[in-house]
There are 2 protein chains.
Amino acid sequence: MTPVATEDLRRQNTASVLRSLRHDGPATRTELARRTGLAKATVGTIVGALVDGGHVSESDAVPASRGRPGRPLVLTGGMLVGLGLEVNVDYVSAVAIDLGGAVRLERTVAVDGGDPYDVAVGLAQLAAAELTGEGIRLTGATVAVPGLVDRRNGVVAMAPNLGWRGRPVADDMGEATGLPVAVENDANCAALAEARRGATVGLGQSVYLTGTVGIGAGVISDGAIVRGTSGFAGEVGHIPLGDPAASCGCGRQGCWEASVGLRAVLAAVGVSEDGTPLEAAEAVSRRAAADPGAAETLEGVGVLLGKGVATMANILNPDAVVLGGFFVPLAPYLLPAVVREVEAHVTAAPYATLDVRLSTLGLRAAAAGAAEEALTQVFTGATAV
Amino acid sequence: MTPVATEDLRRQNTASVLRSLRHDGPATRTELARRTGLAKATVGTIVGALVDGGHVSESDAVPASRGRPGRPLVLTGGMLVGLGLEVNVDYVSAVAIDLGGAVRLERTVAVDGGDPYDVAVGLAQLAAAELTGEGIRLTGATVAVPGLVDRRNGVVAMAPNLGWRGRPVADDMGEATGLPVAVENDANCAALAEARRGATVGLGQSVYLTGTVGIGAGVISDGAIVRGTSGFAGEVGHIPLGDPAASCGCGRQGCWEASVGLRAVLAAVGVSEDGTPLEAAEAVSRRAAADPGAAETLEGVGVLLGKGVATMANILNPDAVVLGGFFVPLAPYLLPAVVREVEAHVTAAPYATLDVRLSTLGLRAAAAGAAEEALTQVFTGATAV
DNA sequence: TGACATTAGTTTGAGACTCGTACTAAACAG
DNA sequence: CTGTTTAGTACGAGTCTCAAACTAATGTCA
């Protein structure tokens, strides 16, 4: 495994330079040499190729205190773009992000009754045509799906909300668009998005917990998604630490989701399930503002939520846990209890702080994360620029 | 980071050859070239250096069906040895393992009242002297400790059973022995040992769950320990999914350990806490064989154990979970319930099988894993042979 | 104003490495 | 004893990084 020839060296070092520009911002060649540990001459060669390729450009010289002023290099990366698609029951979103992190395209299309897959293919083809028209090279597309995804073969094993089962999305969509297509769980994508451009930028390890209809988690370690053996990691909706008496939609008792999922919350507070999860959660929030009993109920949800967060933290020891989805509008009522439970139950609490944060990216997180994922192979050196 | 020069290339490829020999067994040069993807000529050069260094040797030619017979290469690795130390309340163990995976030294010393640290230092010095006397080069030592270990600075943050708190073991012991010393959690080490030479050889991702006085887990991914941000991952003893009424030694209620830990099991079955955890567990096993009520109680423990295993499996999606420590003698009574709970609560269960296995290494696991850990940098290419 | 110090970036030659091809070595088959 | 087959080595070409020397651009200070 991992055969390494001398050209792979260049790829790795190029990726190292790109990562440094991405992660620590613009820098002169000399500064980059210091950051990466490479020789000045080597950085010069690598940067030369990147400038030729249009991925990096020199900004105006900034005179340092003394000596010849350096010319800082900026990731423009207009040429390399990753495409992310989020497939959901009622909408499909596309986001394209370039090497520099800029959003180059953003579309959302409603799905009216038909198969979301067809909408996704159409959107992907549209985006690909539009982007390549500008002379852009797409590194690939990643499709974020709410369900169990087997990464090894690009098959969606099960996506109950979409009604998909054993669907070879990567192969099918790859053929339809001519792009290398990967499939990924939506919570994983959102977690990556928060880690690259949201609430957990700069942290080594983080967990993203989203509440939409179900509960899903994404785990990020050193900028990469942790997938487990078959890509099913982070399927936390049905871990058995909810109220043992609560019946879950899956037929089991005591699932976490059955106590802290959207339906459970709506039922507990007595709000009807209208509109999107976020709209419903906002209705709950309004009710809690008016009704102390409802606020207290939410605090109870927060306790159970905190127990689950503490459980994940004990197993994974992340720097931060990010709450997303419908947890965000309810945060004022949930967060105090969550923080309390975390402090009570996380073994490492006195020695390593665990931040509980709120998602900053909102609904766009999954698609943006999918686009970032489509770009990662460039930053890891797996693909040549 | 990751500055890569042309010599690092050789290190990586050498490590690749070593890993192949380790993982897939002896092979001829041509076979190695096929396995690693390197050119035959390159493998020839690398193997030449390894043979010169005494790390690899040619075994007798085995004639293939036709043509010139190949000379299979075997990891002898007599020259490079990793040292592992397991520090416990009443004993300290040392195990030394060479590149070929052979155990080169094994010692256990009882601790009678004194500080286990002093015993460990003495044992390490003894082992180092003995091994270097034979012309062996020690790559380093890893100390396995039952407690929270901060890997970044080699400090044992807290080891309640040892009475250690904020102790800079790596620095101190490194000075005393002249070796590079690392510190690691004992469950992590045992998990690594099972993955390299025990129940989970060949699996990509595994979780090891040990019961001694407390409950601890180790997570292995692609042959490496998953540590989380500060090395506190796998501290599962106090995740809140035990009986909510059960009081834990830590002062909290509902900790998992308070329901499935050794003391809880002994109390539930009515056996006194005599001897080592394993001896006590064997007493429990005898009791259960005679008393159906006790067996039923154990089944209840198995249910809670299974809930925890399912929780970890949902978060991490491993290939297998290994039960060690006192769970092994009680397996006949626990395992059926554990397997049932896993099948009931693991979301991925229909799509990816999760094995529940028993530890095969027993008490020696932690020290052996520590020794393996001390060797890993050779196999990852971080250290030159 | 001009020599000097200082820092940025490039040129150049050496050294390390892998690769493909051609070549030698060692067995068996008929 | 010749041909076939497979294992392993020698060799030259190509790629890459590196250190040191060198050029470029600016501020400093007499």
Side-chain angles (χ1 to χ4, degrees), chain A residues 1-18 20-21 26-53 56-74 381 384-385, chain B residues 1-18 20-21 26-53 56-74 381 384-385:
Chain A
M1 296 301 135
T2 334
V4 185
T6 129
E7 297 111 28
D8 299 296
L9 249 188
R10 168 59 61 90
R11 272 225 307 273
Q12 277 186 246
N13 288 334
T14 302
S16 175
V17 167
L18 288 173
S20 177
L21 286 174
T28 64
R29 291 167 176 77
T30 305
E31 169 72 7
L32 277 175
R34 211 186 44 70
R35 285 192 199 166
T36 59
L38 296 168
K40 270 200 307 178
T42 309
V43 171
T45 323
I46 289 174
V47 164
L50 287 173
V51 170
D52 288 350
V56 151
S57 60
E58 286 181 345
S59 68
D60 288 341
V62 173
S65 52
R66 265 213 295 273
R68 171 176 168 177
R71 284 165 302 176
L73 298 156
V74 188
V385 300
Chain B
M1 293 308 130
T2 333
V4 186
T6 129
E7 297 110 28
D8 299 293
L9 251 189
R10 168 59 61 90
R11 272 225 305 275
Q12 278 186 246
N13 287 334
T14 302
S16 175
V17 167
L18 288 173
S20 176
L21 285 174
T28 65
R29 291 167 176 77
T30 305
E31 168 71 9
L32 277 174
R34 211 187 44 71
R35 285 192 200 165
T36 59
L38 296 167
K40 270 201 305 178
T42 309
V43 171
T45 327
I46 289 175
V47 164
L50 287 173
V51 170
D52 287 349
V56 153
S57 60
E58 286 181 346
S59 68
D60 287 341
V62 174
S65 52
R66 265 211 297 272
R68 170 176 168 176
R71 282 165 304 176
L73 298 156
V74 188
V385 300

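If you're wondering where the values come from, they're calculated on a predicted model, not measured in any experiment. Lettering follows sequence order; numbering is per chain, from 1. What's counted below: heavy atoms across the whole structure, side chains too, no hydrogens, waters or symmetry copies.
For A/R34, the side chain to side chain donor-acceptor pair (under 3.5 Å) criterion is met by A/E31, not counting sequence neighbours. Remark: A/R10 pairs with no residue by the salt bridge (Lys or Arg N to Asp or Glu O under 4.0 Å) rule, at least two apart or across chains. For B/E7, the side chain to side chain donor-acceptor pair (under 3.5 Å) criterion is met by no residue, not counting sequence neighbours. With sequence neighbours excluded, the residues satisfying side chain to side chain contact (heavy atoms under 4.5 Å, CB included) with A/S59 are A/P72, A/V74. Residues passing the side chain to side chain donor-acceptor pair (under 3.5 Å) test with B/S20 are B/R35, sequence neighbours excluded.
One interatomic measurement links the two molecules: CD1 of B/I46 to P of C/dA16, which rounds to 16 Å at whole-angstrom precision. As rounded to whole Å, 16 Å separates atom P of C/dT18 from atom CZ of A/R11. Atom pair B/D8:CG and C/dT18:C1' shows a separation of 15 Å (rounding to whole Å applied). Distance, A/L73 CG to C/dA8 P: 13 Å, rounded to whole Å. What separates CG of A/L32 from P of D/dC18 is a distance of 14 Å, to the nearest Å.
The phosphate of C/dC17 (OP1 or OP2) has no side-chain N or O of B/N13 nearer than 4.0 angstrom. Look at A/R10 and you'll find a side-chain N or O under 4.0 angstrom from OP1 or OP2 of D/dT17. Between A/T42 and D/dC18, a side-chain N or O to OP1/OP2 separation shorter than 4.0 Å is present.
Among B/I46, B/T45, B/L32, the single residue meeting the side chain to side chain contact (heavy atoms under 4.5 Å, CB included) criterion with B/L38 is B/I46.
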Return the polar atom pairs (N/O with N/O) between nucleotides 9-12 of chain C and the protein under 3.5 Å, or none.
{"from": "C/dG9", "atom 1": "OP1", "to": "A/R71", "atom 2": "N", "distance (Å)": "2.9"}
{"from": "C/dG9", "atom 1": "OP2", "to": "A/R29", "atom 2": "N", "distance (Å)": "3.1"}
{"from": "C/dG9", "atom 1": "OP2", "to": "A/T30", "atom 2": "N", "distance (Å)": "3.1"}
{"from": "C/dG9", "atom 1": "OP2", "to": "A/T30", "atom 2": "OG1", "distance (Å)": "3.3"}
{"from": "C/dG9", "atom 1": "N7", "to": "A/K40", "atom 2": "NZ", "distance (Å)": "2.6"}
{"from": "C/dG9", "atom 1": "O6", "to": "A/K40", "atom 2": "NZ", "distance (Å)": "3.3"}
{"from": "C/dT10", "atom 1": "OP2", "to": "A/R29", "atom 2": "NE", "distance (Å)": "3.4"}

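Closest approach to the B/E7 side chain among C/dC19, C/dC17, D/dC18 is made by C/dC17 (side chain taken as heavy atoms from C-beta onward). Distance from the side chain of B/A39 is smallest for C/dC19 among the nucleotides D/dT17, C/dT18, C/dC19.
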